[in-house]
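What's counted below: heavy atoms across the whole structure, side chains too, no hydrogens, waters or symmetry copies. Letters go in sequence order (proteins before strands), and every chain restarts at 1.
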Amino acid sequence: MDRRWLPALAALAVLPWVVPSSYVVHLLVQVLLWSFIYTGWSLMGRFGLVSFGHGAFMGIGAYAVVLLWNFHGLSPWLSIPIGVALAVAVAVLIGYPCFRFGIAGHYFALVTLALTEVVRSVIVALRDTTGGSLGITPNSVLKDGVTWSVQALQFADKRVFFYIALAAWAFGIWVWHRIDKSMMRYAMEAIGSDEQAAASVGVNVTRTKLAITMISAALTALGGALFGQYQQYVNPETVAGIGVSLQIVFAVIAGGMFVRFGPTVGAVFTLLLTEGLRVGIGNKVNALDSTIYGLMLVLFIIYMPTGILGKLAEKLRRARA
Amino acid sequence: MLELSRVSAGYGSFQALFDVSLEVRAGEAVAVIGPNGAGKTTLLRAISKLIEVSAGEIRMEGRSLGDVPAHRIIDLGLSQVPEHRRLFPRLTVEENLRMGAYTAAARPKFAQRLEMVYALFPRMKERRHQMAGTMSGGEQQMCAIGRALMSGPKLLLLDEPSAGLAPVIVQSIFDLVRKIREEGYTVMIVEQNVRQVLKVVDRAYLLEVGRIKLAGSAAELLASAEIQKAYVGL
Amino acid sequence: MQIFDIFLLEAVLNGILFGGVLALLALGLNLIFGVIDVVWICYAELMMLGMYCVFFLHKVHGLPLVAAFGAAVVLVAFLGVLLHVLVIRPVLNSEPINQLLVTGGVLTFLQAAATLAFGIDFRNLGVSMPSLAVGEISLPWSRISAALTALVAMTALYVFLKKTYLGTAIRAISQDRAIMPLMGVSPSRIYLLTSAIGGALAGLGACLLVLQYDVHPAIGLTFGPLTFMVCVLGGLGNMLGGFIAAFIFAQLIAVGGFYFHLEWGYVMAFGFFIIMMFARPQGILGAK
Ligand SMILES: Nc1ncnc2c1ncn2[C@@H]1O[C@H](COP(=O)(O)OP(=O)(O)OP(=O)(O)O)[C@@H](O)[C@H]1O
Ligand SMILES: [Mg+2]
């Protein structure tokens, strides 16, 4: 990324000091972490690889960190790479045969859906270790006056986590940018429009798809680990399973998966929607946001399949032309 | 019986037919000949309303097809044997024939017409429980023609019935066309096998790049220098 | 014979009974995929609404069970048509992935709307049926009758597809969509009809499941993924394949659940699915 972005990043960096409450900081952290995960998903989605398996990658990342900490006292600094590596390994295990045997479209979506359900079911089945569907909390070191621990990656002050989330988000955008400028993008676009034609001009279809899947899985697992660490709580429904996978897809479609900041816009949009409804209507009707999500997902796909930012970009381009 | 006046049609922004006018009278057999990509299939698709015409009008027995939905065309007595036969490969021969008699008007006559088709193509009766996709090309062509006859059409549209068949079979397909004519059907046939088709039809049109280039009786066309040079290959 | 084996046999028998119901569910989804070429990700959510329908009509309003069942089948058939007209038809010509995702949106919507309307409580129909006891094995009649009903429904559908003009058209349309109008068939009408049949099958599935399971808004998530996988494993659109796959899946879950724990049964079934996708991506009966 070039210099022009530095002022913008700097402006973002002072945000937690100027916003009115730690509640807003909390929202910012959420937006950044989810944006990061959504960006990770879109790396595949924008090339037509629609995965419902990202709930699995996220869950692997999140649970690996919490479990290794609680049962082996392993610092997140070590367990995050382990969790990411594990997710990447699973991605290869699923992705390689899929791409090798040309499983695409609906079939790919359903295979990845099965993967998500396997991971969620395993988490629930190992309830003695994982806490099952009740979820699990990492052992806290924040007691007896301890307010932060770098080694445990636990901080009482949300602002610390804000910077971690900001770094992750910027990293995600950077990865997107790099891929956008790389040969891989052209290869993926060629594959997306016609796999056989791409192969015939020398694109290694399997390897290219696998590479993008591994990167995407790694980012998502990292996002899951950070999310679990920030929430200090993980639960199979909120970090794994078809629900999370659908949430990712919805936000990305709303924001726009073909433009760099589309997933970020999607995260902002969905969070504003959720929080707006919560403030407007109260906590009691907690399914209202999902009802509206579902409805809007349908409307977006029918009327605005390129998403909010995608549509804006189109409009701008047309206005300029 | 069928009348096209200044018909234009195409696919999206691509125009494949320009101002095509032609006519098929009751009892006639008419051929449309022309090179690959001339728009012959497009012409038949437009008549069957598989694609919309962008200009001009098509009339069947005086009735404009403009507001007739595609699946109602067959009720007007127009039945098409599409290019490449297009049988339902995983339905049996008899089930394919049943699809040909799908319309409400045709259903009560199913048994009767089935006998008629089997009489015309005894081979089909032998194969009636075989999956259509497993038959030879010639047999499939018979089945496709049989399917189109099941609706009891007034006008039969045939799109290159001889394409992709061995020379012996081609001969028998043209014999069949002749036989169908004798049964009293009006026929409009698209062909690239110019020499053969001109022997079985009364009149013909030459279509090139979407436009009618020549029209006349079969004998006239066969004698024309243009046809001789480009299509009969002498 | 040891007592241990008797219980295993019971698990196997239960698996067969469950397989029958699963096969029925998969059949509806398969039919829709075969004809319209879309996957209703929200299929099991339609079923969930059918279960609520039976529950409210019978338990709350006191309608006879049979009437409640009939109403559920009709309601879900209608919902199927509505889904097609409002959601599927507008995306019929867009990217296949959008078609998949749009029904994902409907899934979220229906599940959340059910939570809003009915709360998250588990509701039991409260119809208890006796068990059939053979020696030491006992099988609940609710399961037996469900499996039998599923079998009857599948046979009826088979006859319909095989013997009627409409049924033949439904089979034909998946083989060659473009020429259907030449036969005098209006594809959009066939789509509507298929959506209604698919919905009716989901409604029937709801009636069979509500006898055995409590209704709650997320129940679709228990049966939905399972149903897609049965369809894919059988070869999407291949009804016989789906039938066989349903029994394999049900056995894996029943026996896996018997030896370990129910979740492990699911893990085994889904794991088996993933492995089979690589071994036979075209479905268990598909040609190599
Ligand atoms: N579905 C389609 N979409 C876009 N263009 C098409 C389509 N079908 C045909 N065309 C184009 O329309 C033109 C006419 O095609 P058509 O199939 O009518 O030719 P034809 O005379 O039947 O040729 P052939 O003898 O090879 O069958 C061609 O240029 C072809 O490329
Ligand atoms: Mg042609």
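- Looking at A:Ile242, the atoms closer than 4.5 Å to chain C (heavy atoms on both sides) all sit in the side chain, from C-beta outward.
- Residues C:Phe118 and C:Phe56 bring their aromatic ring centres within 6.0 Å.
- Proximity to chain C (any heavy atom under 4.5 Å) is shown, for A:Phe108, by neither the backbone nor the side chain.
- Within the structure, side chain to side chain donor-acceptor pair (under 3.5 Å) pairs that include any residue of residues 236-253 of chain A comprise A:Tyr38-A:Gln247, A:Arg120-A:Glu237 (at least two apart or interchain).
- Contacts of C:Gln111 classified as side-chain contact (heavy atoms from CB on, under 4.5 Å), with partners at least two apart in sequence or in another chain: C:Glu45, C:Leu107, C:Ala218, C:Leu221.
- Atoms CE and CG, on A:Met296 and A:Leu273 in that order, are 6.0 Å from each other to the nearest 0.5 Å.
- Proximity to chain C (any heavy atom under 4.5 Å) is restricted, for A:Val249, to the side chain, taken from C-beta onward.
- Of the listed residues (C:Ile41, C:Val106, C:Asn98), the greatest number of heavy-atom pairs within a distance under 4.5 Å of chain A belongs to C:Asn98.
- Not a single ring pair (Phe, Tyr, Trp, His ring centres under 6.0 Å) links A:Phe258 to another residue, sequence neighbours left out.
- For C:Phe18 and C:Phe249, the distance between ring centers is not under 6.0 angstrom.
- When atom types are taken as modelled, the side chain of A:Ser290 and the backbone of C:Ala112 share no donor-acceptor pair closer than 3.5 angstrom.
- Distance alone, capped at 3.5 Å, places no donor-acceptor pair between the A:Thr220 side chain and the A:His54 backbone.
- C:Phe33 and C:Trp40 have their aromatic ring centers separated by at least 6.0 angstrom.
- Contact count versus chain A (heavy atoms, under 4.5 Å) is highest, among C:Gly105, C:Ala113, C:Pro225, for C:Gly105.
- Proximity to chain C involves both the backbone and the side chain of A:Leu115, based on heavy atoms less than 4.5 angstrom apart.
- Only the side chain of A:Val50 comes within contact range of chain C, with at least one heavy atom under 4.5 Å from a heavy atom of that chain.
- Taking CG of C:Asn124 as the start and NE2 of C:His216 as the end, the distance is 11.5 Å to the nearest 0.5 Å.
- Remark: side-chain polar atoms of C:Gln99 are not paired, donor with acceptor, to backbone N or O of C:Ile88 under 3.5 angstrom.
- Contact residues of residues 90-100 of chain A toward chain C are A:Leu93, A:Ile94, A:Pro97, A:Cys98 (heavy-atom distance under 4.5 Å).
- Residue C:Val91 touches chain A through its side chain alone, counting heavy-atom pairs closer than 4.5 Å.
- If you measure heavy-atom distances from A:Leu113 to chain C, the contacts under 4.5 Å come from both the backbone and the side chain.
- Most heavy-atom pairs under 4.5 Å with chain A: of the set C:Val87, C:Leu86, C:Leu101, this distinction falls to C:Leu101.
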